[in-house]
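Okay, so here's the structure we're looking at.
Chain letters run A, B, ... following the sequence lines, proteins first and then strands; every chain starts at 1. Worth knowing before you read on, the calculation uses all heavy atoms, side chains too, and leaves out hydrogens, waters and symmetry mates.
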There are 2 protein chains.
Amino acid sequence: MSRPTIYDVARESGFSIKTVSRVINEAPNVRKETVDRVRAAIELLQYHPDPAAQRLGGGKLPTIGVLVDSIDDPFFAQVVAVIEARAMDVGMDVLVASTGMDETRMRMQIQRLARRGVAGLVVAPFGDPGTVAAALPDDVPVVVVDRKCGVTDKDVVRVTDEQGATDAVRHLVARGHRRIGFLGKTSAFNTLQDRYTGYEKALAEAGIEVDARLVETRAWTADEAYPYALAMLATADAPTAVFAASPMMGLGVLRAQQRLHRQDVALVIFGDYPVAELMTPPTTVIDQRPTALADTAFDLLARRIQDPGAEVLDTVLPTLLVPRGSGELAPRAES
Amino acid sequence: MSRPTIYDVARESGFSIKTVSRVINEAPNVRKETVDRVRAAIELLQYHPDPAAQRLGGGKLPTIGVLVDSIDDPFFAQVVAVIEARAMDVGMDVLVASTGMDETRMRMQIQRLARRGVAGLVVAPFGDPGTVAAALPDDVPVVVVDRKCGVTDKDVVRVTDEQGATDAVRHLVARGHRRIGFLGKTSAFNTLQDRYTGYEKALAEAGIEVDARLVETRAWTADEAYPYALAMLATADAPTAVFAASPMMGLGVLRAQQRLHRQDVALVIFGDYPVAELMTPPTTVIDQRPTALADTAFDLLARRIQDPGAEVLDTVLPTLLVPRGSGELAPRAES
DNA sequence: CGGGGTGTTGACAGCGCTGTCATACCGCCA
DNA sequence: TGGCGGTATGACAGCGCTGTCAACACCCCG
């Protein structure tokens with residue numbers, strides 16, 4: 001009364017296990033009638049191949065691994081959700097793992113997933129190019145998402161970080177802002193570095209000089225960003241607008257604004273977040289469109305699994321400025 | 001130059017593969033010196049057992065499956081994150097799957113995970129007791145989270161839905177509210193039903209009669225809740241406070257409040273959500289403490305995997321009222 | 001009518017483990 | 001001294017698949 005095996009299907013259908021195997025894997029050169037008979041037996045017995053056995057017998061696990069910073073980060077949660085949905089459509093399972101932003105752990109998790117025999121891996125890496133390149137396996141298809149980290153021999157999907165940041169700051173400049181603050185730990189990721197570059201660029205275009213007092217690059221978490229944001233907003237020559245280079249930075253700013261009752265400071269956050277549209281004022285964001293990112297990542301992975309030799313692609317998706325209110329505030333009248 | 005197998009370790013250590021297997025599985029009756037020698041060989045060769053082979057050879061996969069409504073729901077994202085972290089600590093992987101609130105899909109996903117040979121399953125089920133009971137496998141350890149759904153033969157972890165709702169409504173009553181609205185599709189889950197019961201109970205305690213015009217039980221998503229909330233808040237005898245029985249309902253109410261500029265209506269939401277503390281006013285919530293839920297779920301699962309015959313536990317965790325502002329608003333003066 | 005495809009199927013040997021059972025050895029007691 | 005029980009180890013047969021290779025049609029063409 002155990003689960004039926006391929007032998008049961010073979011017996012039921014009157015063919016050999018090999019032919020059943022062929023039908024399961026949609027191999028060529030099987031007569032249509034045979035396929036039908038085997039399919040009928042499979043249906044009758046409610047047979048499903050055992051993934052572990054398939055794996056052991058030479059194939060890969062019908063599974064894809066996803067490794068992200070943290071699963072409950074809304075951005076990555078969406079990425080995982082999309083991958084899971086897409087994987088389900090093609091009958092694959094998804095193994096999730098998180099790095100917790102720890103390099104050793106990242107390497108360990110990648111190894112574990114690879115060892116597991118997954119058919120492919122979606123990874124949001126971090127760290128310097130050397131480390132990342134060493135950590136990514138070469139014998140498993142890998143797609144790198146969100147952060148390039150100097151990877152050149154794998155498919156990459158990411159967004160136009162610099163352009164997005166430029167859009168954000170231009171948007172603020174267009175509203176008349178000249179004193180625009182920046183928050184984001186530029187040393188952490190190349191993405192953040194790029195966003196800073198975009199910030200600089202937009203200012204330069206407008207003939208505005210970067211004021212070091214308005215640039216804060218030390219904070220990484222929202223908790224760290226908060227005091228800096230507080231300090232920046234509390235000074236006499238506070239910025240009239242702030243560009244937060246990540247949602248975490250954004251939260252830090254929002255907390256500071258709430259604390260100081262300074263909702264009149266314009267704000268654009270790089271990266272959308274839940275209920276941003278319900279804030280007072282609703283938050284203008286640069287949407288990274290995580291679902292598009294994940295969709296593309298899945299497509300690329302599927303492509304590479306199917307054709308390991310395909311040309312390596314570095315896909316850069318556009319971001320989307322979503323004006324909701326906070327980014328459209330005019331500079332408050334100088335007191 | 002492929003991955004080392006148990007044979008390589010056997011050769012390297014000078015013992016048979018069986019003894020190596022014993023060491024890997026920490027089986028009894030192996031001389032300490034042997035263990036050390038084998039361990040050294042394992043270390044030297046950087047050997048890691050192949051999970052698929054372990055599975056096929058009689059064991060279970062060192063993997064636990066998690067099935068939730070949706071992976072990017074903040075509540076479930078946290079649950080998944082905690083399970084993943086705990087699993088990693090004990091060297092297990094996590095397969096995620098989502099039901100998308102579809103019964104057929106739920107059943108399918110459960111079967112897939114079970115077939116996969118996972119060591120255990122954490123499931124947030126839904127649907128009537130019969131369906132759920134039929135969908136849950138008996139040959140794999142299962143822990144049911146968040147919603148009991150009439151399950152009696154599996155371990156369950158959930159929160160005090162009725163008590164939490166009562167707390168919320170009492171809290172509002174204590175502020176002087178008498179006209180308190182309710183939003184939540186009571187027919188969807190027993191959890192929501194319980195929350196409604198809690199609502200009724202708190203009103204009864206205060207000698208307040210339930211006003212059918214203030215009770216809306218048809219909406220399930222935030223989009224559905226929005227028009228109802230709008231209607232409820234726009235009437236002449238609008239409630240002075242609202243209890244939203246789920247975060248989604250809460251979002252509907254918040255949108256309606258924003259639209260109508262009625263931030264003066266008190267609000268308590270069952271279930272915390274990101275940045276609730278940054279809203280205007282900050283949202284008072286009944287925290288379901290998803291991390292505690294997930295921790296307990298993991299503990300229960302580990303216990304059952306280790307001892308399949310253990311007594312079945314129905315664990316009910318307390319919720320936590322988190323006052324942040326919206327729930328402490330006094331009834332506005334009647335116009 | 002024979003040779004060389006092409007299409008269709010099956011026998012069988014693994015894949016890397018674990019379970020079962022056998023073996024070898026030790027110390028102990030009668 | 002023989003026999004018994006316990007400890008430590010190994011031989012070997014699977015687990016449920018897939019890959020390889022062989023077998024056996026059958027067809028077309030010269």
Side-chain angles (χ1 to χ4, degrees), chain A residues 1-39 41-42 45-63 91 93 112 114-119 139 305, chain B residues 1-39 41-42 45-63 91 112 114-119 139:
Chain A
M1 267 315 303
S2 178
R3 276 177 53 194
T5 74
I6 200 170
Y7 285 93
D8 300 314
V9 178
R11 196 175 323 113
E12 179 67 33
S13 65
F15 290 96
S16 73
I17 58 164
K18 184 61 217 187
T19 295
V20 176
S21 172
R22 290 200 176 92
V23 172
I24 295 168
N25 296 290
E26 301 180 1
N29 298 338
V30 183
R31 218 191 316 167
K32 175 139 189 20
E33 195 200 317
T34 306
V35 173
D36 293 341
R37 295 242 301 274
V38 171
R39 287 250 167 80
I42 288 176
L45 299 176
Q46 280 291 302
Y47 166 78
H48 295 272
D50 180 327
Q54 292 188 103
R55 158 69 216 301
L56 208 54
K60 283 291 183 181
L61 233 28
T63 300
D93 292 323
R112 284 204 351 185
R115 236 184 346 258
R116 218 63 178 60
V118 296
D139 51 354
I305 289 173
Chain B
M1 269 317 305
S2 178
R3 278 176 52 194
T5 72
I6 199 170
Y7 286 91
D8 299 313
V9 178
R11 195 175 323 114
E12 179 67 32
S13 65
F15 290 96
S16 72
I17 57 164
K18 182 64 218 186
T19 296
V20 175
S21 172
R22 289 200 177 89
V23 172
I24 294 169
N25 298 289
E26 301 180 1
N29 300 338
V30 183
R31 218 190 319 167
K32 176 140 188 16
E33 194 199 316
T34 305
V35 173
D36 292 341
R37 294 242 303 273
V38 171
R39 286 251 167 81
I42 288 177
L45 298 176
Q46 280 291 300
Y47 166 78
H48 296 273
D50 180 328
Q54 291 188 103
R55 158 67 216 300
L56 208 54
K60 283 290 184 182
L61 233 28
T63 301
R112 285 200 357 181
R115 235 182 349 254
R116 216 65 181 56
V118 296
D139 50 355

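A donor-acceptor contact shorter than 3.5 Å is absent between the side chain of N25(A) and the backbone of A27(A).
Distance NE2 (H48(B)) to C1' (dG16(C)): 15 Å, rounded to an integer number of Å. Whole-Å rounding puts the N25(B) CG to dT20(C) P distance at 13 Å. A straight line from CG of L56(A) to C1' of dC17(C) spans 7 Å, rounded to a whole angstrom. If you take CD1 of I17(B) and P of dC12(D), they are 11 Å apart, rounded to a whole angstrom. Atom C1' of nucleotide dT9(D) and atom CD1 of I6(B) are separated by 14 Å, given to the nearest angstrom. Whole-Å rounding puts the R3(A) CZ to dC17(D) C1' distance at 11 Å.
When each of K18(B) and S16(A) is assigned the nucleotide of DNA chain C bearing its nearest heavy atom, the one mapping closer to the 5' terminus is S16(A).
Of the side-chain N and O atoms in S21(A), one or more sit less than 4.0 angstrom from OP1 or OP2 of dT18(D). Within the 4.0 Å cut-off from OP1 or OP2 of dT9(D), at least one side-chain nitrogen or oxygen of R31(B) is found. Between T19(B) and the phosphate of dG10(D), there is a side-chain N or O to OP1/OP2 separation shorter than 4.0 Å. For dG10(D), the OP1/OP2 oxygens have no side-chain nitrogen or oxygen of Y7(B) closer than 4.0 Å. A sub-4.0 Å separation between OP1 or OP2 of dT9(D) and a side-chain N or O of N29(B) is absent. Contact annotation: T5(B) does not reach the phosphate of dC15(C) (side-chain N/O to OP1 or OP2, under 4.0 Å).
Side-chain proximity of Y47(A) to the nucleotides dT9(D), dC17(D), dT9(C) is greatest for dC17(D).
At a threshold of 4.0 Å, the pair D36(A)-R39(A) does not count as salt-bridged, since none of the basic side-chain nitrogens sits closer than that to a carboxylate oxygen.
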